[in-house]
*Asks:* 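Pasting a structure below so you can have a look.
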2 protein chains.
Amino acid sequence: MLRKVKPSRRRSGCPVSISLETLGDRWSLLVIRDLMVRGYRTFKQFEQSDERIATNILADRLRRLERNGIISAEADPTDGRRMNYRLTEKGIDLAPLLLELLIWGARNEETMAPGELIGKMEQNREGVIAEVRRRWRERDSTPMLPSFANTRPARN
Amino acid sequence: MLRKVKPSRRRSGCPVSISLETLGDRWSLLVIRDLMVRGYRTFKQFEQSDERIATNILADRLRRLERNGIISAEADPTDGRRMNYRLTEKGIDLAPLLLELLIWGARNEETMAPGELIGKMEQNREGVIAEVRRRWRERDSTPMLPSFANTRPARN
DNA sequence: CCGGATCCGTTTCGATACTG
DNA sequence: CAGTATCGAAACGGATCCGG
């Protein structure tokens with residue numbers, strides 16, 4: 001019994017494997033969205049985001065995202081006990097992916113936003129991405145659009 | 001004790017919620033990739049894909065994706081016992097998302113493909129997406145590129 | 001054979017309480 | 001505030017079984 005389930009024919013050089021170890025769960029992309037689009041930076045902000053992630057899961061995801069080089073963590077200069085999380089370059093590179101996810105959701109899931117806003121972003125993908133990059137480069141932590149925020153942008 | 005965890009301030013009209021009920025797991029997007037890019041159509045093909053999903057999980061994901069209107073299932077006309085799964089319009093709309101995921105992985109994850117191929121796709125996002133749509137419209141089930149396939153495209 | 005369903009041990013998740 | 005600890009619930013996944 002117990003035949004060897006053909007261990008060959010793996011690694012068959014198919015170049016479309018996609019890496020979902022880090023992103024293939026319910027929470028990681030939400031944290032990234034909060035960082036990228038809402039301007040969130042701290043544990044508390046993520047925790048109080050709409051979807052109510054549990055604290056242990058949040059801690060785990062933050063660690064995982066950091067291990068994977070998608071975010072970085074540094075102590076707040078003005079308040080040592082507070083951590084500030086930021087997207088790395090690799091994390092910022094997720095902007096196109098996130099934008100497409102937003103567009104898809106707005107188009108196909110009726111639980112989503114009205115879509116007028118998204119429609120405009122869809123017309124101007126390049127511009128939106130460029131704006132995300134510009135803001136991160138200048139450490140501009142205001143949310144991408146006023147209505148994107150549901151807390152103030154942590155101006156100290 | 002047991003304070004009410006402030007049930008207000010939900011539904012705060014933040015238009016950037018993203019829907020990961022269906023896609024936020026390790027397998028759903030892989031199945032969609034197999035459909036979209038590899039030309040897979042049957043349970044067996046998905047099962048034998050590189051990542052080795054368990055049959056019960058695969059059955060569950062196929063059902064979920066169908067419930068969510070992302071794929072459809074119909075009996076094969078030439079072989080009644082075989083099911084053919086296809087992307088719906090909603091599923092095809094995931095092409096841009098999937099493309100961005102591929103590009104991101106190729107760029108940032110060293111476990112990924114050489115990337116030359118992906119680089120070309122990156123130069124021509126619109127073209128790639130249009131090609132995906134064309135093929136699905138014409139029920140052309142050959143994989144997007146020869147090297148994308150690791151089994152033959154199920155010609156019977 | 002094909003597309004699953006069922007069983008069952010293991011892993012992960014997630015709500016809550018707790019801590020430095 | 002920023003996380004740990006705990007523990008029950010859910011999901012996973014390997015193996016096997018089954019109807020057509």
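Predicted, not measured: the structure shown is a model, and the values here were computed from it. Quick note on labels: first sequence line is chain A, next is B, and so on, each numbered from 1.
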*Asks:* With distance as the sole criterion, is a donor-acceptor pair present between the side chains of A/Arg38 and A/Ser49 under 3.5 Å?
*Replies:* yes
*Asks:* With respect to the phosphate group of C/dC13, does any side-chain polar atom (N or O) of A/Trp27 fall under 4.0 Å of OP1 or OP2?
*Replies:* no
*Asks:* Distance check needed: D/dA5 C1' versus A/Asp60 CG, whole Å only.
*Replies:* 14 Å
*Asks:* Which part of the nucleic acid, if any, lies within reach of B/Arg81 when heavy atoms closer than 4.0 Å are counted: base, sugar-phosphate only, or nothing?
*Replies:* base
*Asks:* Do the side chain of A/Asn56 and the base of D/dG3 come within less than 3.5 angstrom through a donor-acceptor pair of N or O atoms?
*Replies:* no
*Asks:* Measure from CG on B/Asn84 to C1' on C/dG3 and round the result to the nearest Å.
*Replies:* 12 Å
*Asks:* Given A/Ser72, which of A/Leu65, A/Asn84, A/Thr88 fulfils the side-chain contact (heavy atoms from CB on, under 4.5 Å) condition?
*Replies:* A/Thr88
*Asks:* Relative to the 5' end of DNA chain D, which residue comes earlier, B/Arg64 or B/Thr55, by the nucleotide with the nearest heavy atom?
*Replies:* B/Arg64
*Asks:* For D/dC12, does OP1 or OP2 lie under 4.0 Å from any side-chain N or O of B/Arg61?
*Replies:* yes
*Asks:* Let me spell it out: for each of B/Phe43 and A/Ile57, pick the nucleotide of DNA chain C with the closest heavy atom. Which residue's pick is nearer the 5' end?
*Replies:* B/Phe43
*Asks:* So, does B/Asn108 use its side chain to make a donor-acceptor pair with the main chain of B/Trp104 at under 3.5 Å?
*Replies:* yes
*Asks:* If you compare every side-chain N and O of A/Lys44 against the phosphate oxygens of D/dC1 (OP1, OP2), does one of them come in below 4.0 Å?
*Replies:* yes
*Asks:* Which part of the nucleic acid, if any, lies within contact of A/Tyr85, taking any heavy atom under 4.0 Å across all strands shown: a base, the sugar-phosphate backbone alone, or nothing?
*Replies:* sugar-phosphate
*Asks:* What is the separation between atom CG on B/Asp76 and atom C1' on C/dG3, rounded to the nearest whole Å?
*Replies:* 13 Å
*Asks:* From CG of A/Leu58 over to C1' of D/dA2, roughly how many Å is that when rounded to an integer?
*Replies:* 9 Å
*Asks:* Report yes if a side-chain nitrogen or oxygen of B/Arg26 is closer than 4.0 Å to either non-bridging phosphate oxygen (OP1 or OP2) of D/dG13; otherwise report no.
*Replies:* yes
*Asks:* CD of B/Glu47 versus P of D/dG13: gap in Å, rounded?
*Replies:* 14 Å
*Asks:* Scan side-chain atoms only and decide if B/Arg135 and B/Thr142 contain a donor-acceptor pair under the 3.5 Å cut-off.
*Replies:* yes
